[in-house]
Protein chains: 2
Amino acid sequence: MFIHYHIDMSILTEYTVAMLKYILLGFLDYGPMTGYELKQTIDNSTGHFWHAHHSQIYTTLRQMEKDGLVSSVFKSSEDALRRRIYTITESGKKELMEWLDTPMEEIQPLKEDFLVRMFFSGKRDPQKVLEELAIQQKLHKSTSKVYEKMQDAICHYGHPQTGNLSDQQKYWKLTLEMGIMYEKMYQEWLEKAIEVVKGK
Amino acid sequence: MFIHYHIDMSILTEYTVAMLKYILLGFLDYGPMTGYELKQTIDNSTGHFWHAHHSQIYTTLRQMEKDGLVSSVFKSSEDALRRRIYTITESGKKELMEWLDTPMEEIQPLKEDFLVRMFFSGKRDPQKVLEELAIQQKLHKSTSKVYEKMQDAICHYGHPQTGNLSDQQKYWKLTLEMGIMYEKMYQEWLEKAIEVVKGK
DNA sequence: CAGACCATGTAAAACGTTACATGATTCC
DNA sequence: GGAATCATGTAACGTTTTACATGGTCTG
């Protein structure tokens, strides 16, 4: 039933480093921030390819402080809100730079739940499969719109005269570009999928 | 004044979306198999969008047996290898079908480590970034080749006369198509990224 | 008889999600 | 005064990875 030929999975070996740690170091390297601000910053930038819950962010920050990668202070006493400001340490900067200087030599496999459902949809009522595909189309279209708005916003952050983007912004735009391309590809695939399911 | 009581949501919805469980049920619904065979089957089919380690597969199967979703027996005594054959139960079939009949109404965010590195690469030596992008190009090209080989293999499994594929095979091909499209998109993005990094 | 592969498991650690918990501020 | 948002945390649970552990078969 299923073809058993050998595929070299070694190129798919996992790249297991604590990614959240490096994301937090990366943002704190731009300047001190609170856990809450880090959560928001992640949601508004790397969120579309790497997200985290606030509970995970707060606990990881405390661990990083124990490890000497960041330090924290509460904002001056007149601020009634208990805002804990994190600052990257020299040790943290060193660790971030070392990580960036070590090239990644593997690729990460996709993990896409929806494809699991499609894979086993051979025994389903095609009409129901089409309905589910339509839901996905709607969802992916709205995601695309969000990314396109984000991209417009980045362009407005360029230099007032030249319109040039900083290195930081160029790389941000580049990662967002992947989000846009991914969504476009996904939508093309959904259309193809609908054709295949209909043509039965 | 107001009673603070707790509503036990578990009696309302048991929405534990343990994907591995459904993958195992999905494959066992085609016929009895051992844990080892399930691992291989996953690696050779859903592996490019959903993978699992053997330790996770064996423990999940034992749990599923406790839950009455599958049953297992050792292969007849003349087989010296301790091959435990799993068979899906009626209860397991029911659970699989119920899951397939409940449409997914969310989309899953990407989680792509490499983009995290790119996002924070503004402070890196562009030459080193280019080297890393070249490594990724090489890796993604070889992944593409693997997927294309798999696709050719599926096509040869069509009906001897008509060349038609079964429903199962059509959906398999469709998910593989996503793998191919994803890799193509990734490679286009890598080329764009190289342009952006060079053009500085 | 060695090395590759078949075959199954356990244990611990690491990572991620959901729920619980609290209290201040801001704006209408 | 109520709702939304700011702000931080803990606890429990679920999932995934890595390492440890064992023994059989098959091929050259």
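A, B, ... follow the sequence lines: proteins, then strands. Residue 1 opens every chain.
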note: A:Gln108, atom CD; D:dT16, atom C1'; distance rounded to Å ~ 13 Å
I'd like to know if A:Asp113 pairs up with A:Arg117 as an ion pair, taking the criterion as any Lys NZ or Arg NE/NH1/NH2 lying under 4.0 Å from an Asp or Glu carboxylate oxygen.
no
For D:dG9, does either OP1 or OP2 sit under 4.0 Å from a side-chain N or O belonging to A:Arg84?
yes
Once you measure the plane-to-plane angle for B:His48 and B:Tyr147, does it fall in the parallel (<30°), tilted (30-60°) or perpendicular (>60°) bin?
tilted
For atom NZ of B:Lys21 and atom P of D:dT15, their distance in whole Å:
9 Å
Measure from CZ on B:Arg62 to C1' on D:dT15 and round the result to the nearest Å.
20 Å
Write down the distance between CG (A:Leu20) and P (C:dC15), rounded to a whole number of angstrom.
9 Å
Can you measure A:Leu38 atom CG to D:dG9 atom P for me and round it to whole angstrom units?
12 Å
For the pair A:Lys21 and A:Asp67, find out whether any cationic side-chain nitrogen is under 4.0 Å from an anionic carboxylate oxygen.
no
Looking at the base of C:dT18, is there any donor atom on it, or on the side chain of A:Ser55, that sits under 3.5 Å from an acceptor on the other one?
yes
Ignoring backbone atoms, establish whether B:Tyr36 has a side-chain N or O less than 4.0 Å from OP1 or OP2 of C:dT8.
no
Mind telling me whether B:Phe119 and A:Phe49 have parallel, tilted or perpendicular rings, with 30° and 60° as the class edges?
tilted
Nucleotide D:dT15, atom P - distance to OH of B:Tyr22 in whole Å:
10 Å
Considering the terminal five base pairs at each end of the helix from C:dC1-D:dG28 to C:dC28-D:dG1, what angle separates the two local helix axes, rounded to 10°?
30°
If you look at every strand shown and take non-hydrogen atoms under 4.0 Å, does B:Lys111 touch a base, only sugar-phosphate, or nothing?
sugar-phosphate
In whole angstrom, what separates B:Glu106's CD from C:dT18's P?
10 Å
When you measure from the side-chain N and O atoms of B:His53 to the phosphate of D:dT16, is any distance below 4.0 Å, counting only OP1 and OP2?
no
Gap between atoms CZ and C1', on A:Arg82 and D:dG9 respectively (whole Å):
8 Å
Can you tell if the side chain of A:Thr46 reaches within under 4.5 Å of the side chain of A:Trp172, non-hydrogen atoms only?
no
Scan B:Glu191, B:Lys141, B:Glu112 and name whichever one has a side chain to side chain donor-acceptor pair (under 3.5 Å) with B:Tyr186.
B:Glu112
Hey, are the side chains of A:Leu100 and A:Tyr22 touching, using non-hydrogen atoms and a 4.5 Å cut-off?
no
